[in-house]
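Start at 1 and go down the list; that is how both ligands and their atoms are numbered.
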Amino acid sequence: MTNSKVLISGAGVAGPALAFWLRRAGWDVTVVERAPALREGGYKVDVRGAGTTVLKRMGLHEAARERDTGMRQVTYVRRDGRKIASLPADLLMGRRGDDLEIMRGDLSRIFHDATADVEYRFGDAIAALDDGADGVGVTFESGRAERFAFVVAADGLNSSTRRAVFGEVPLRHLGAYISIFSVPNELGLDHEEVMYTEPGRLIFAYAMGPEKSGKVGLTFASEPLSYDRRDVTAQKDLVRAAFAGRGWRSDDFLSAMDAADDFYFDSLSQVELPSWSSGRVVLLGDAAHCPSPSSGQGTSLALVGAYVLADELAKADGDVTAAFAAYERVMRPYVEQNMTFGRKMAKDMVPASRLSIAFRNYGMRTLRFHPRKEQVIDRVLAPMYAAANAIAI
Ligand SMILES: Cc1cc2nc3c(=O)[nH]c(=O)nc-3n(C[C@H](O)[C@H](O)[C@H](O)COP(=O)(O)OP(=O)(O)OC[C@H]3O[C@@H](n4cnc5c(N)ncnc54)[C@H](O)[C@@H]3O)c2cc1C
(Lines give C-alpha, C1' and ligand atoms only; values in the text may rest on other atoms or scores of the structure.)
Protein backbone atom coordinates (compact mmCIF):
# COMPACT_ATOMS: atom_id res chain seq x y z
CA MET A 1 0.00 0.00 0.00
CA THR A 2 1.42 3.37 -0.96
CA ASN A 3 -0.76 5.56 1.23
CA SER A 4 0.29 5.15 4.88
CA LYS A 5 -1.85 8.03 6.12
CA VAL A 6 -4.58 7.22 8.65
CA LEU A 7 -7.22 9.58 9.97
CA ILE A 8 -8.74 9.10 13.44
CA SER A 9 -11.75 11.25 14.31
CA GLY A 10 -11.94 11.98 18.05
CA ALA A 11 -9.25 12.66 20.67
CA GLY A 12 -11.08 11.15 23.66
CA VAL A 13 -9.76 7.85 24.99
CA ALA A 14 -10.10 5.42 22.07
CA GLY A 15 -8.62 7.78 19.44
CA PRO A 16 -5.30 8.57 21.17
CA ALA A 17 -4.97 4.92 22.33
CA LEU A 18 -5.23 3.70 18.73
CA ALA A 19 -2.91 6.48 17.55
CA PHE A 20 -0.34 5.13 20.03
CA TRP A 21 -0.35 1.65 18.45
CA LEU A 22 -0.65 2.71 14.82
CA ARG A 23 2.23 5.16 15.10
CA ARG A 24 4.39 2.36 16.49
CA ALA A 25 3.41 0.19 13.55
CA GLY A 26 4.67 2.89 11.18
CA TRP A 27 1.40 4.53 10.09
CA ASP A 28 1.33 8.26 9.55
CA VAL A 29 -1.45 9.21 11.96
CA THR A 30 -3.62 12.32 12.13
CA VAL A 31 -6.22 12.79 14.88
CA VAL A 32 -8.93 15.36 14.23
CA GLU A 33 -10.88 16.62 17.26
CA ARG A 34 -13.89 18.89 17.03
CA ALA A 35 -13.22 20.57 20.40
CA PRO A 36 -10.67 23.42 20.42
CA ALA A 37 -8.45 21.50 22.89
CA LEU A 38 -8.31 18.13 24.63
CA ARG A 39 -11.57 17.70 26.56
CA GLU A 40 -10.45 17.16 30.10
CA GLY A 41 -13.95 16.83 31.57
CA GLY A 42 -15.61 13.78 33.05
CA TYR A 43 -15.73 11.88 36.29
CA LYS A 44 -13.74 8.90 37.51
CA VAL A 45 -13.47 6.04 35.05
CA ASP A 46 -12.35 2.48 35.71
CA VAL A 47 -9.72 0.51 33.85
CA ARG A 48 -10.04 -3.15 34.69
CA GLY A 49 -9.52 -6.67 33.44
CA ALA A 50 -8.35 -6.80 29.81
CA GLY A 51 -8.22 -2.97 29.80
CA THR A 52 -5.55 -3.11 32.51
CA THR A 53 -3.55 -5.63 30.46
CA VAL A 54 -3.59 -3.25 27.47
CA LEU A 55 -2.55 -0.28 29.61
CA LYS A 56 0.42 -2.33 30.81
CA ARG A 57 1.35 -3.33 27.25
CA MET A 58 1.31 0.36 26.33
CA GLY A 59 3.85 0.91 29.12
CA LEU A 60 1.49 3.51 30.59
CA HIS A 61 0.07 1.62 33.56
CA GLU A 62 2.57 3.19 35.94
CA ALA A 63 1.80 6.71 34.71
CA ALA A 64 -1.91 6.01 35.14
CA ARG A 65 -1.39 4.46 38.57
CA GLU A 66 0.36 7.63 39.70
CA ARG A 67 -2.86 9.49 38.83
CA ASP A 68 -5.12 6.89 40.45
CA THR A 69 -7.93 8.59 42.36
CA GLY A 70 -6.87 6.75 45.54
CA MET A 71 -10.46 6.90 46.67
CA ARG A 72 -10.86 5.83 50.29
CA GLN A 73 -14.49 6.02 51.22
CA VAL A 74 -18.03 6.17 49.86
CA THR A 75 -20.66 7.88 52.02
CA TYR A 76 -24.41 7.83 51.45
CA VAL A 77 -26.30 10.86 52.80
CA ARG A 78 -29.89 11.88 53.48
CA ARG A 79 -31.75 14.85 52.05
CA ASP A 80 -30.37 17.12 54.80
CA GLY A 81 -26.81 15.82 54.34
CA ARG A 82 -26.79 13.60 57.42
CA LYS A 83 -24.80 10.41 56.95
CA ILE A 84 -26.58 7.11 56.32
CA ALA A 85 -23.47 4.94 56.07
CA SER A 86 -19.83 5.05 54.96
CA LEU A 87 -18.02 2.12 53.40
CA PRO A 88 -14.40 1.64 52.32
CA ALA A 89 -14.17 2.38 48.59
CA ASP A 90 -12.05 -0.67 47.85
CA LEU A 91 -14.69 -2.91 49.38
CA LEU A 92 -17.61 -1.30 47.59
CA MET A 93 -15.92 -1.00 44.19
CA GLY A 94 -14.30 -4.41 44.51
CA ARG A 95 -10.96 -3.38 43.03
CA ARG A 96 -8.80 -6.29 41.94
CA GLY A 97 -5.04 -6.50 41.41
CA ASP A 98 -3.69 -3.74 39.18
CA ASP A 99 -7.08 -2.37 38.06
CA LEU A 100 -7.30 1.36 38.57
CA GLU A 101 -9.63 4.29 38.76
CA ILE A 102 -8.60 7.58 37.21
CA MET A 103 -10.21 10.86 36.23
CA ARG A 104 -11.20 10.54 32.60
CA GLY A 105 -9.39 13.77 31.71
CA ASP A 106 -6.14 12.51 33.27
CA LEU A 107 -6.25 9.32 31.21
CA SER A 108 -7.00 11.19 28.00
CA ARG A 109 -4.07 13.54 28.76
CA ILE A 110 -1.70 10.58 29.39
CA PHE A 111 -2.54 9.07 25.98
CA HIS A 112 -2.26 12.42 24.26
CA ASP A 113 1.16 13.10 25.80
CA ALA A 114 2.35 9.59 24.88
CA THR A 115 1.59 10.31 21.20
CA ALA A 116 3.70 13.42 20.68
CA ASP A 117 4.66 12.15 17.19
CA VAL A 118 1.00 12.13 16.11
CA GLU A 119 -0.55 15.18 14.49
CA TYR A 120 -3.54 16.44 16.52
CA ARG A 121 -5.80 18.90 14.73
CA PHE A 122 -8.13 20.55 17.22
CA GLY A 123 -11.15 22.62 16.25
CA ASP A 124 -11.81 20.73 13.03
CA ALA A 125 -13.95 17.77 11.96
CA ILE A 126 -14.78 15.60 8.97
CA ALA A 127 -17.32 17.31 6.69
CA ALA A 128 -17.54 14.64 3.95
CA LEU A 129 -16.12 11.21 3.18
CA ASP A 130 -15.60 9.56 -0.19
CA ASP A 131 -14.79 5.88 0.42
CA GLY A 132 -13.02 4.35 -2.58
CA ALA A 133 -11.26 1.07 -3.37
CA ASP A 134 -7.79 2.44 -2.65
CA GLY A 135 -8.46 5.00 0.06
CA VAL A 136 -10.84 7.50 1.58
CA GLY A 137 -11.08 11.07 0.35
CA VAL A 138 -11.86 13.38 3.28
CA THR A 139 -13.02 16.97 3.21
CA PHE A 140 -12.72 18.74 6.54
CA GLU A 141 -14.97 21.48 7.89
CA SER A 142 -11.95 23.79 7.63
CA GLY A 143 -12.07 23.23 3.86
CA ARG A 144 -8.91 21.13 3.74
CA ALA A 145 -9.09 17.97 1.57
CA GLU A 146 -6.87 14.89 1.93
CA ARG A 147 -6.74 11.19 1.11
CA PHE A 148 -6.21 8.48 3.73
CA ALA A 149 -5.65 4.71 3.57
CA PHE A 150 -8.50 4.34 6.08
CA VAL A 151 -10.53 6.36 8.55
CA VAL A 152 -11.34 5.46 12.17
CA ALA A 153 -14.40 6.96 13.83
CA ALA A 154 -13.53 7.30 17.53
CA ASP A 155 -15.80 10.28 18.04
CA GLY A 156 -17.93 8.91 20.84
CA LEU A 157 -21.53 8.03 21.60
CA ASN A 158 -22.99 10.53 19.12
CA SER A 159 -20.34 9.98 16.42
CA SER A 160 -21.07 12.09 13.36
CA THR A 161 -18.66 9.97 11.31
CA ARG A 162 -20.85 6.97 12.13
CA ARG A 163 -23.88 8.95 10.96
CA ALA A 164 -22.13 9.86 7.69
CA VAL A 165 -21.38 6.20 6.95
CA PHE A 166 -24.27 4.26 8.50
CA GLY A 167 -26.99 6.90 8.60
CA GLU A 168 -28.91 7.69 11.76
CA VAL A 169 -28.43 4.82 14.24
CA PRO A 170 -31.04 4.93 17.02
CA LEU A 171 -29.42 4.71 20.46
CA ARG A 172 -30.79 2.30 23.05
CA HIS A 173 -31.92 4.74 25.75
CA LEU A 174 -31.39 3.34 29.26
CA GLY A 175 -33.81 5.78 30.88
CA ALA A 176 -31.59 8.52 32.32
CA TYR A 177 -29.35 11.53 31.60
CA ILE A 178 -26.05 12.30 33.25
CA SER A 179 -24.21 15.61 33.68
CA ILE A 180 -20.73 16.05 35.11
CA PHE A 181 -18.79 19.20 35.93
CA SER A 182 -16.19 20.68 38.27
CA VAL A 183 -17.26 22.41 41.47
CA PRO A 184 -15.40 24.18 44.30
CA ASN A 185 -14.73 21.53 46.94
CA GLU A 186 -16.84 23.22 49.63
CA LEU A 187 -17.42 19.89 51.37
CA GLY A 188 -13.65 19.50 51.84
CA LEU A 189 -13.84 15.99 50.36
CA ASP A 190 -10.59 14.11 50.70
CA HIS A 191 -10.55 11.04 48.46
CA GLU A 192 -14.14 10.50 49.46
CA GLU A 193 -17.28 10.19 47.34
CA VAL A 194 -20.66 11.27 48.65
CA MET A 195 -23.88 9.96 47.15
CA TYR A 196 -27.45 11.14 47.51
CA THR A 197 -30.52 9.58 45.92
CA GLU A 198 -34.20 10.40 45.76
CA PRO A 199 -36.66 8.75 43.41
CA GLY A 200 -35.45 9.35 39.86
CA ARG A 201 -32.43 11.45 40.94
CA LEU A 202 -28.83 10.61 41.84
CA ILE A 203 -26.14 13.09 42.93
CA PHE A 204 -22.53 12.07 43.42
CA ALA A 205 -19.60 14.27 44.40
CA TYR A 206 -15.93 13.52 44.67
CA ALA A 207 -12.57 15.27 45.21
CA MET A 208 -8.98 14.04 45.32
CA GLY A 209 -8.10 16.14 48.39
CA PRO A 210 -9.45 19.09 50.39
CA GLU A 211 -7.32 21.53 48.41
CA LYS A 212 -8.44 20.13 45.03
CA SER A 213 -11.57 21.14 43.16
CA GLY A 214 -14.40 18.64 43.18
CA LYS A 215 -16.47 16.88 40.53
CA VAL A 216 -20.18 16.47 40.67
CA GLY A 217 -22.50 14.19 38.73
CA LEU A 218 -26.21 14.96 38.48
CA THR A 219 -28.17 12.05 37.00
CA PHE A 220 -31.92 11.99 36.45
CA ALA A 221 -34.40 9.48 35.08
CA SER A 222 -36.13 10.63 31.92
CA GLU A 223 -37.67 9.48 28.71
CA PRO A 224 -35.59 10.49 25.64
CA LEU A 225 -35.35 14.30 25.42
CA SER A 226 -34.80 16.32 22.31
CA TYR A 227 -32.24 19.11 22.62
CA ASP A 228 -29.46 20.74 20.66
CA ARG A 229 -26.18 18.89 21.38
CA ARG A 230 -24.14 22.01 20.72
CA ASP A 231 -26.24 24.23 22.98
CA VAL A 232 -24.66 23.89 26.43
CA THR A 233 -27.03 26.46 27.94
CA ALA A 234 -30.05 24.40 26.85
CA GLN A 235 -28.46 21.29 28.38
CA LYS A 236 -27.79 23.10 31.67
CA ASP A 237 -31.45 24.18 31.64
CA LEU A 238 -32.53 20.53 31.44
CA VAL A 239 -30.36 19.67 34.44
CA ARG A 240 -31.65 22.72 36.34
CA ALA A 241 -35.26 21.73 35.69
CA ALA A 242 -34.54 18.25 37.05
CA PHE A 243 -32.70 19.34 40.22
CA ALA A 244 -33.93 22.81 41.27
CA GLY A 245 -35.26 22.72 44.82
CA ARG A 246 -34.34 19.05 45.26
CA GLY A 247 -32.54 17.47 48.20
CA TRP A 248 -29.05 17.68 49.65
CA ARG A 249 -26.94 20.37 47.90
CA SER A 250 -28.87 20.39 44.63
CA ASP A 251 -29.20 24.17 44.43
CA ASP A 252 -25.55 24.79 45.42
CA PHE A 253 -24.41 22.40 42.70
CA LEU A 254 -26.68 24.04 40.14
CA SER A 255 -25.07 27.41 40.93
CA ALA A 256 -21.62 25.83 40.47
CA MET A 257 -22.79 24.27 37.20
CA ASP A 258 -23.43 27.71 35.75
CA ALA A 259 -19.79 28.64 36.32
CA ALA A 260 -18.32 25.30 35.17
CA ASP A 261 -16.37 25.33 31.90
CA ASP A 262 -16.06 21.53 31.64
CA PHE A 263 -19.77 20.68 31.65
CA TYR A 264 -20.53 17.25 30.15
CA PHE A 265 -24.06 16.09 29.43
CA ASP A 266 -25.33 12.99 27.71
CA SER A 267 -27.92 10.28 27.86
CA LEU A 268 -27.32 6.93 29.46
CA SER A 269 -27.45 5.07 26.16
CA GLN A 270 -25.95 2.19 24.28
CA VAL A 271 -24.86 1.92 20.67
CA GLU A 272 -25.77 -1.35 18.93
CA LEU A 273 -24.81 -1.98 15.33
CA PRO A 274 -24.81 -5.11 13.19
CA SER A 275 -21.42 -4.10 11.76
CA TRP A 276 -18.61 -1.78 12.88
CA SER A 277 -17.11 -1.04 9.49
CA SER A 278 -18.06 -0.09 6.00
CA GLY A 279 -15.39 -0.21 3.31
CA ARG A 280 -12.37 1.64 4.65
CA VAL A 281 -14.12 3.33 7.55
CA VAL A 282 -14.16 1.57 10.93
CA LEU A 283 -15.78 2.46 14.25
CA LEU A 284 -13.92 2.31 17.56
CA GLY A 285 -14.83 2.78 21.25
CA ASP A 286 -18.14 4.40 22.14
CA ALA A 287 -18.83 5.20 18.47
CA ALA A 288 -19.01 1.44 17.80
CA HIS A 289 -20.42 0.01 21.00
CA CYS A 290 -20.96 2.49 23.84
CA PRO A 291 -21.98 0.31 26.81
CA SER A 292 -23.08 3.45 28.79
CA PRO A 293 -21.41 4.78 31.94
CA SER A 294 -23.60 2.43 33.99
CA SER A 295 -21.36 -0.45 32.86
CA GLY A 296 -18.17 1.19 34.13
CA GLN A 297 -16.54 -0.52 31.16
CA GLY A 298 -16.58 2.05 28.32
CA THR A 299 -12.95 3.02 28.82
CA SER A 300 -11.68 -0.55 29.03
CA LEU A 301 -13.63 -1.55 25.90
CA ALA A 302 -12.12 1.42 24.07
CA LEU A 303 -8.58 0.48 25.15
CA VAL A 304 -8.98 -3.17 24.23
CA GLY A 305 -10.63 -2.25 20.91
CA ALA A 306 -7.71 0.00 19.99
CA TYR A 307 -5.26 -2.79 20.78
CA VAL A 308 -7.15 -5.47 18.86
CA LEU A 309 -7.71 -3.24 15.82
CA ALA A 310 -4.02 -2.31 15.64
CA ASP A 311 -3.06 -5.97 16.08
CA GLU A 312 -5.36 -7.15 13.29
CA LEU A 313 -4.10 -4.39 10.97
CA ALA A 314 -0.54 -5.55 11.64
CA LYS A 315 -1.48 -9.15 10.81
CA ALA A 316 -3.51 -8.32 7.70
CA ASP A 317 -0.57 -7.24 5.56
CA GLY A 318 -2.32 -4.27 3.99
CA ASP A 319 -5.76 -5.86 3.65
CA VAL A 320 -7.56 -3.22 5.67
CA THR A 321 -11.08 -4.57 5.27
CA ALA A 322 -9.99 -8.09 6.34
CA ALA A 323 -8.42 -6.51 9.45
CA PHE A 324 -11.66 -4.69 10.24
CA ALA A 325 -13.64 -7.94 9.97
CA ALA A 326 -11.17 -9.80 12.22
CA TYR A 327 -11.23 -6.96 14.79
CA GLU A 328 -14.99 -7.23 15.00
CA ARG A 329 -14.92 -11.04 15.30
CA VAL A 330 -12.48 -10.87 18.22
CA MET A 331 -14.21 -8.00 20.03
CA ARG A 332 -17.91 -8.71 19.66
CA PRO A 333 -18.48 -11.42 22.32
CA TYR A 334 -16.54 -9.37 24.88
CA VAL A 335 -18.46 -6.20 23.97
CA GLU A 336 -21.83 -7.94 24.15
CA GLN A 337 -21.17 -9.33 27.61
CA ASN A 338 -20.32 -5.82 28.85
CA MET A 339 -23.38 -4.30 27.15
CA THR A 340 -25.61 -6.80 28.96
CA PHE A 341 -23.96 -5.87 32.25
CA GLY A 342 -24.42 -2.12 31.50
CA ARG A 343 -28.16 -2.59 30.94
CA LYS A 344 -28.53 -4.48 34.18
CA MET A 345 -26.66 -1.81 36.19
CA ALA A 346 -28.59 1.09 34.61
CA LYS A 347 -31.74 -0.18 36.31
CA ASP A 348 -30.10 0.18 39.76
CA MET A 349 -28.19 3.39 39.10
CA VAL A 350 -31.11 5.80 39.59
CA PRO A 351 -33.56 4.10 41.97
CA ALA A 352 -37.16 4.80 40.98
CA SER A 353 -38.95 4.49 44.32
CA ARG A 354 -38.55 5.37 48.00
CA LEU A 355 -38.85 1.68 48.77
CA SER A 356 -35.84 0.72 46.63
CA ILE A 357 -33.81 3.57 48.19
CA ALA A 358 -34.78 2.43 51.70
CA PHE A 359 -33.81 -1.13 50.78
CA ARG A 360 -30.42 0.04 49.42
CA ASN A 361 -29.78 2.19 52.52
CA TYR A 362 -30.59 -0.72 54.80
CA GLY A 363 -28.12 -2.85 52.83
CA MET A 364 -25.38 -0.20 53.17
CA ARG A 365 -25.93 0.21 56.91
CA THR A 366 -25.83 -3.49 57.65
CA LEU A 367 -23.07 -4.44 55.20
CA ARG A 368 -20.44 -2.76 57.40
CA PHE A 369 -21.11 -5.27 60.15
CA HIS A 370 -21.60 -8.31 57.95
CA PRO A 371 -18.99 -10.94 58.90
CA ARG A 372 -18.62 -12.00 55.26
CA LYS A 373 -18.96 -8.61 53.58
CA GLU A 374 -16.10 -9.25 51.11
CA GLN A 375 -17.85 -12.39 49.85
CA VAL A 376 -21.18 -10.55 49.58
CA ILE A 377 -19.59 -7.81 47.43
CA ASP A 378 -17.69 -10.40 45.38
CA ARG A 379 -20.94 -12.15 44.56
CA VAL A 380 -22.59 -8.88 43.48
CA LEU A 381 -19.63 -7.85 41.31
CA ALA A 382 -18.89 -11.27 39.81
CA PRO A 383 -20.71 -10.50 36.51
CA MET A 384 -18.65 -7.32 36.11
CA TYR A 385 -15.36 -9.18 36.49
CA ALA A 386 -16.50 -11.93 34.18
CA ALA A 387 -17.37 -9.30 31.54
CA ALA A 388 -14.14 -7.33 32.10
CA ASN A 389 -12.07 -10.42 31.34
CA ALA A 390 -14.22 -11.95 28.61
CA ILE A 391 -11.52 -11.70 25.92
CA ALA A 392 -8.15 -13.33 25.39
CA ILE A 393 -5.55 -10.86 24.22
C1 LIG B 1 -16.09 15.21 28.15
C2 LIG B 1 -16.43 13.76 28.40
C3 LIG B 1 -16.65 13.33 29.71
C4 LIG B 1 -16.97 12.00 29.96
N5 LIG B 1 -17.15 11.61 31.23
C6 LIG B 1 -17.40 10.33 31.53
C7 LIG B 1 -17.55 9.89 32.88
O8 LIG B 1 -17.47 10.67 33.80
N9 LIG B 1 -17.79 8.57 33.11
C10 LIG B 1 -17.86 7.68 32.10
O11 LIG B 1 -18.08 6.48 32.36
N12 LIG B 1 -17.71 8.05 30.82
C13 LIG B 1 -17.49 9.35 30.51
N14 LIG B 1 -17.34 9.73 29.19
C15 LIG B 1 -17.37 8.69 28.16
C16 LIG B 1 -16.04 7.89 28.17
O17 LIG B 1 -14.98 8.76 27.92
C18 LIG B 1 -16.14 6.82 27.12
O19 LIG B 1 -17.19 5.93 27.43
C20 LIG B 1 -14.91 5.91 26.98
O21 LIG B 1 -13.78 6.38 27.58
C22 LIG B 1 -14.66 5.61 25.49
O23 LIG B 1 -14.04 6.72 24.93
P24 LIG B 1 -14.16 7.17 23.42
O25 LIG B 1 -12.82 7.73 23.09
O26 LIG B 1 -14.74 6.11 22.57
O27 LIG B 1 -15.24 8.35 23.46
P28 LIG B 1 -15.15 9.79 24.13
O29 LIG B 1 -14.30 9.77 25.36
O30 LIG B 1 -16.54 10.27 24.24
O31 LIG B 1 -14.34 10.66 23.07
C32 LIG B 1 -14.88 11.07 21.83
C33 LIG B 1 -14.11 12.31 21.37
O34 LIG B 1 -14.56 12.63 20.05
C35 LIG B 1 -14.75 14.03 19.97
N36 LIG B 1 -15.70 14.29 18.88
C37 LIG B 1 -17.04 14.21 18.90
N38 LIG B 1 -17.54 14.46 17.69
C39 LIG B 1 -16.50 14.71 16.88
C40 LIG B 1 -16.36 15.01 15.51
N41 LIG B 1 -17.44 15.09 14.71
N42 LIG B 1 -15.13 15.18 14.98
C43 LIG B 1 -14.03 15.10 15.78
N44 LIG B 1 -14.09 14.82 17.10
C45 LIG B 1 -15.31 14.62 17.63
C46 LIG B 1 -15.25 14.41 21.35
O47 LIG B 1 -15.07 15.80 21.58
C48 LIG B 1 -14.38 13.55 22.22
O49 LIG B 1 -13.15 14.17 22.52
C50 LIG B 1 -17.06 11.07 28.88
C51 LIG B 1 -16.84 11.51 27.57
C52 LIG B 1 -16.53 12.84 27.31
C53 LIG B 1 -16.29 13.31 25.90
Worksheet item: With a distance cut-off below 6.0 Å to the six-membered ring centre and an angular limit of 45° from the axis, does K5 pair with F148 as a cation-pi contact?
Response: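 Yes, K5 lies over the aromatic ring of F148.
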Practice prompt. Report the C-alpha distance between F181 and F253 in whole Å, list the side-chain angles of each, state the deciding distance to 0.1 Å, and finish with yes or no for ring pair (Phe, Tyr, Trp, His ring centres under 6.0 Å).
Written response: CA-CA 9 Å; F181 47 91; F253 290 147; 7.5 Å; no
Worksheet item: Are any side-chain N or O atoms of Y327 and backbone N or O atoms of W276, one a donor and one an acceptor, separated by less than 3.5 Å?
Response: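 It does not hold such a pair.
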Worksheet item: Hey, is the main chain of G247 close enough, under 3.5 Å, to the side chain of E198 for a donor-acceptor pair?
Response: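 Confirmed, E198 side chain pairs with G247 backbone.
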Worksheet item: Do the two ring centres, one from Y43 and one from F204, sit under 6.0 Å apart?
Response: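 Here the rings of F204 and Y43 have centres that are less than 6.0 Å from each other.
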Worksheet item: In order of chain and number, which residues sit within 4.0 Å of ligand 1 by heavy atom?
Response: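 Residues near ligand 1: S9, G10, A11, G12, V13, A14, V32, E33, R34, R39, G41, G42, Y43, V45, R104, A125, A154, D155, G156, S160, I180, Y264, G285, D286, P293, G298, T299, A302.
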Discussion item. Are more than 12 heavy atoms, taken from residues, nucleotides or ligands other than F122, located less than 6.0 Å from that residue's CZ atom?
Written reply: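 Count over threshold, so yes.
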